[in-house]
Amino acid sequence: MTILPDPVALAKALLACSSVTPAGGEVFDVAEAALVPLGFAVERFVSGDAPDGPVENMIALRPGPGPLLAFAGHLDVVPPGEGWTADAFAPEIRGELLYGRGAVDMKGAVAAFIAACGRESGATCLLLTGDEEGPATYGTRAIIDRLGERGIRPDLCLVGEPTSAHRLGDTIKIGRRGSVNIWIDVPGRQGHVAYPHLADNPIPSLVAALAEVETLVLDHGNDWFQASNIEITDLHVGNPAANVIPARAAARLSIRFNDEQRGEALVERVATLVHRHAPQATVRGRVSGEAFLTRPGPLSALVADAITACTGAVPELSTTGGTSDARFLSKLCPTVELGLLNATMHQVDEAVAVEDLCLLTRIYADIIARAGASAIQASSASSSIGGATA
């Protein structure tokens with residue numbers, strides 16, 4: 001007889017693994033040991049080379065009736081930092097809370113979904129990566145490639161990121177803003193401040209460019225997204241001498257943008273602006289992900305109905321917050337996100353309410369049951385521009 005996983009015990013076992021990104025080995029052993037008795041065929045593989053790899057990933061597949069529901073998550077965590085009341089990787093329950101790095105983001109949700117799979121059948125797969133908190137180069141994107149090689153295409157995807165704001169289930173993420181970082185390097189010519197005609201100070205032109213950046217209004221937002229915003233996140237000269245004109249000045253920008261923008265176009269726009277002030281400047285951008293939207297439809301309704309059935313509350317559909325691996329999965333199939341309260345994620349003494357772990361397990365089980373009974377089948381994936389109805 002199969003022993004159903006206990007979400008709290010499983011969460012503690014996962015939390016006991018020191019799995020700072022990129023994670024591998026022991027924490028995947030724990031997940032595999034819980035999934036195999038439930039009828040999942042587990043494939044673990046390592047992708048990529050330094051500096052962003054290698055990264056361990058897992059695909060666990062269980063056949064069953066109905067559309068194929070994918071649950072996507074990550075087993076890596078951010079470094080714990082200093083100041084914890086107890087060892088960040090020695091999970092313990094104090095009062096009503098389970099403490100440990102990753103309790104909220106997002107080992108707790110992974111434990112809840114595995115436990116839910118023990119309570120409901122249905123065509124289900126788990127997509128778990130060891131690199132969501134890091135560069136994410138060889139994580140979920142490598143999983144998507146492997147799914148394609150195996151001819152597996154989920155019909156629906158649920159990402160277990162901590163989406164809840166005030167109470168469990170109050171928010172479903174149906175989209176996310178895109179993210180791009182831009183590095184600006186302005187060369188000059190070093191010289192003595194008393195002889196400025198023999199030097200070329202890069203600071204004034206960089207400051208002028210940044211002043212214009214500050215005036216940019218990218219858009220005013222729309223029905224589902226807040227306005228895109230651009231922030232100056234670093235300004236560096238590194239000149240220790242008071243009487244020397246520096247040889248270079250640099251800055252970094254971060255832009256979070258909605259589905260009215262595209263990452264590369266924003267890099268080009270900033271580069272054009274900078275070059276008006278500093279023609280010799282180097283401008284380099286890295287797009288972490290494009291904005292996406294899964295428009296309200298059968299999938300979001302299914303998840304909302306499960307939340308209401310288990311909690312009595314009606315969730316809000318939202319696109320706020322940072323990026324997640326849903327930015328990759330949304331190109332594969334309709335994707336939404338639902339997970340624990342996000343109040344303590346990445347914080348010292350990260351903790352999840354034991355009651356919430358059990359409640360999330362019931363919600364996830366209800367979602368699996370509803371998905372198995374639904375008529376939802378594979379449809380066009382959510383678009384990073386307009387979005388599919390799901």
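Predicted model only: the values in this text are computed from it and were never measured. FYI, side chains are in, hydrogens and waters are out, and symmetry mates aren't considered; it's all heavy atoms of this structure.
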Quiz item: Where do Ala109 and Gly160 come nearest, in terms of heavy atoms and distance?
Solution: CB-O, 3.3 Å

Practice problem: Look at the side chain of Gln347 and the backbone N and O of Ala343, then say whether any donor-acceptor pair between them is shorter than 3.5 Å. | Solution: yes

Exercise. Using a 4.5 Å cut-off on heavy atoms from C-beta on, say whether the side chain of Arg150 contacts that of Ile59.
Key: yes

Quiz item: Under 3.5 Å, is there a donor-acceptor pair linking the side chains of Asp76 and His74?
Solution: yes

Quiz item: Any idea how Tyr364 and Phe71 line up, ring-wise: parallel (<30°), tilted (30 to 60°), or perpendicular (>60°)?
Solution: perpendicular

Exercise. Answer yes or no: is there a side-chain heavy-atom contact under 4.5 Å between Leu147 and Leu127?
Key: yes

Quiz item: Checking Thr308 side chain against Asp305 main chain: does a donor-acceptor pair fall under 3.5 Å?
Solution: no

Practice problem: May I ask you to test the Val78-Val20 pair for a side-chain heavy-atom distance under 4.5 Å? | Solution: no

Quiz item: Yes or no on side chain to side chain contact (heavy atoms under 4.5 Å, CB included) for Leu341 and Val104, after CA distance, side-chain angles and deciding distance?
Solution: CA-CA 7 Å; Leu341 269 71; Val104 171; 5.9 Å; no

Self-check item: Asp349 side chain to Thr85 backbone, donor-acceptor under 3.5 Å
Solution: yes

Exercise. Decide if atom CG of Asn243 counts as having more than 12 heavy atoms of other residues, nucleotides or ligands within a radius under 6.0 Å.
Key: yes

Can you give each donor-acceptor pair under 3.5 Å made by side-chain atoms of residues 24-41, sequence neighbours left out, with the distance rounded to 0.1 Å?
from: Asp29; atom 1: OD1; to: Arg44; atom 2: NH1; distance (Å): 2.7
from: Asp29; atom 1: OD1; to: Arg44; atom 2: NH2; distance (Å): 3.0
from: Glu32; atom 1: OE1; to: Arg44; atom 2: NH1; distance (Å): 2.8

Self-check item: Residues forming a side-chain hydrogen bond (donor to acceptor under 3.5 Å, both in side chains) with Ser324, sequence neighbours excluded
Solution: Glu337

Quiz item: Which is it for Asn342 and Thr163 under the side chain to side chain contact (heavy atoms under 4.5 Å, CB included) test, yes or no, and what are the steps along the way?
Solution: CA-CA 6 Å; Asn342 56 29; Thr163 60; 5.9 Å; no

Quiz item: For the residue pair Glu260 and Gly221, what are the closest heavy atoms and their distance?
Solution: OE2-O, 3.4 Å

Exercise. May I ask you to test the Thr335-Val159 pair for a side-chain heavy-atom distance under 4.5 Å?
Key: yes

Exercise. Begin with the C-alpha distance, continue with both residues' side-chain angles, and end with the deciding distance and a verdict on side chain to side chain contact (heavy atoms under 4.5 Å, CB included) for Ile143 and Phe45.
Key: CA-CA 9 Å; Ile143 290 176; Phe45 62 97; 4.0 Å; yes

Exercise. Could you tell me whether a side-chain N or O of Lys173 sits under 3.5 Å from a main-chain N or O of Thr320, the two making a donor and an acceptor?
Key: yes

Exercise. Nearest 0.5 Å please: distance from the OG atom of Ser288 over to the CZ atom of Arg327.
Key: 6.0 Å

Practice problem: Tell me, please, whether Phe89 has Arg101 positioned over its six-membered ring: NZ or CZ under 6.0 Å from the ring centre and within 45 degrees of its axis? | Solution: no

Practice problem: With rounding to the nearest 0.5 Å, note down the distance linking CZ in Arg153 to CD1 in Ile144. | Solution: 9.5 Å

Quiz item: Crowded around Glu82 CD? As in, over 12 foreign heavy atoms under 6.0 Å?
Solution: no

Quiz prompt | Residue pair Asn229 / Arg177, side-chain donor-acceptor N/O under 3.5 Å | solution = yes

Exercise. List, by chain and then residue number, the residues other than Leu210 in its hydrophobic cluster (Ile/Leu/Val/Met/Phe/Trp/Tyr, side-chain heavy atoms under 4.5 Å); write none if there are no others.
Key: Val180, Ile182, Ile184, Val186, Leu206, Val213, Leu216, Leu218, Ile230, Ile232, Leu235, Leu253, Ile255, Phe257, Leu266, Val267, Val270, Leu273, Val274, Val283, Val287

Quiz item: Is there side-chain contact between Glu161 and Asp105, with at least one heavy-atom pair below 4.5 Å?
Solution: yes

Quiz prompt | Gap between atom CD1 of Ile152 and atom CG of Leu68 - 0.5 Å precision | solution = 7.5 Å

Quiz item: Quick one: CG on Asp170 to CD1 on Ile172, what's the gap to the nearest 0.5 Å?
Solution: 10.0 Å

Self-check item: Closest contact, heavy atoms only, Pro67 versus Asp155
Solution: CA-OD2, 3.3 Å

Practice problem: Return yes when atom CD of Gln226 has more than 12 non-hydrogen atoms of other residues, nucleotides or ligands closer than 6.0 Å, and no otherwise. | Solution: yes

Quiz item: Can you tell if the side chain of Pro135 reaches within under 4.5 Å of the side chain of Arg286, non-hydrogen atoms only?
Solution: yes

Quiz item: Do the side chain of Asn57 and the main chain of Thr129 share a donor and acceptor less than 3.5 angstrom apart?
Solution: no

Self-check item: ILVMFWY network linking Leu332 to Leu61, side-chain heavy atoms under 4.5 angstrom
Solution: yes

Quiz item: Quick check: does any side chain N or O of Thr311 sit under 3.5 Å from a backbone N or O of Ala313, one acting as donor and the other as acceptor?
Solution: yes

Quiz item: Near Gln280 CD, under 6.0 Å, is it more than 12 heavy atoms from other residues, nucleotides or ligands?
Solution: no

Practice problem: Give the cluster check for Val8 versus Leu97: same hydrophobic cluster or not, with ILVMFWY residues linked at side-chain heavy-atom distances below 4.5 Å. | Solution: no

Quiz item: For Lys107 and Ser19, which heavy atoms make the closest approach, and how far apart are they?
Solution: NZ-OG, 2.7 Å

Quiz item: Are the side chains of Gln190 and Arg248 in touch, meaning some heavy atoms are under 4.5 Å apart?
Solution: no

Quiz item: When you look at Ser300 and Thr294, which way does the side chain to side chain contact (heavy atoms under 4.5 Å, CB included) test go after all the steps?
Solution: CA-CA 8 Å; Ser300 54; Thr294 299; over 6 Å; no

Practice problem: Using a cut-off of 6.0 Å, state whether more than 12 heavy atoms not belonging to Arg276 lie near its atom CZ. | Solution: yes

Practice problem: May I ask you to check whether Asn222 and Asp259 show a side-chain donor-acceptor distance below 3.5 Å? | Solution: yes

Practice problem: Identify the two heavy atoms, one from Thr361 and one from Ala116, that lie closest to each other, and give their separation to 0.1 Å. | Solution: O-CB, 3.5 Å

Self-check item: Spacing of Glu120 atom CD and Leu69 atom CG [to the nearest 0.5 Å]
Solution: 11.5 Å

Quiz item: Are a donor atom and an acceptor atom from the side chains of Asp325 and Thr140 found within less than 3.5 Å of each other?
Solution: yes

Quiz item: Would Leu75 and Val42 show up in the same hydrophobic cluster when neighbours are defined by side-chain heavy atoms closer than 4.5 Å?
Solution: yes

Quiz prompt | From CG (Asp52) to OG (Ser47), nearest 0.5 Å | solution = 12.5 Å

Quiz item: Do the side chains of Leu168 and Leu317 join up, straight or via other hydrophobic residues, at under 4.5 Å, putting them in one cluster?
Solution: yes

Quiz prompt | Stepwise salt bridge (Lys or Arg N to Asp or Glu O under 4.0 Å) test for Lys12 and Glu92 | solution = CA-CA 8 Å; Lys12 290 179 71 174; Glu92 62 177 357; over 6 Å; no

Quiz prompt | Lys/Arg cation over aromatic Phe292: Arg176, 6.0 Å, 45° cone | solution = no

Exercise. Show the numbers, then the answer: is there a salt bridge (Lys or Arg N to Asp or Glu O under 4.0 Å) between Asp366 and Arg370?
Key: CA-CA 6 Å; Asp366 197 312; Arg370 290 173 187 269; 2.3 Å; yes

Self-check item: Ionic contact status for Arg256 with Glu231, cut-off 4.0 Å
Solution: no

Practice problem: Taking atom CD of Glu96 as the centre, report whether more than 12 heavy atoms of other residues, nucleotides or ligands fall under 6.0 Å from it. | Solution: no

Quiz item: Are any non-hydrogen side-chain atoms of Pro196 and Ile245 less than 4.5 angstrom apart?
Solution: yes

Self-check item: Cluster overlap Val352 with Val77, hydrophobic side-chain contacts below 4.5 Å
Solution: no

Quiz item: Which atoms form the tightest heavy-atom contact between Ser228 and Gln261, and what is the distance?
Solution: OG-CG, 3.7 Å

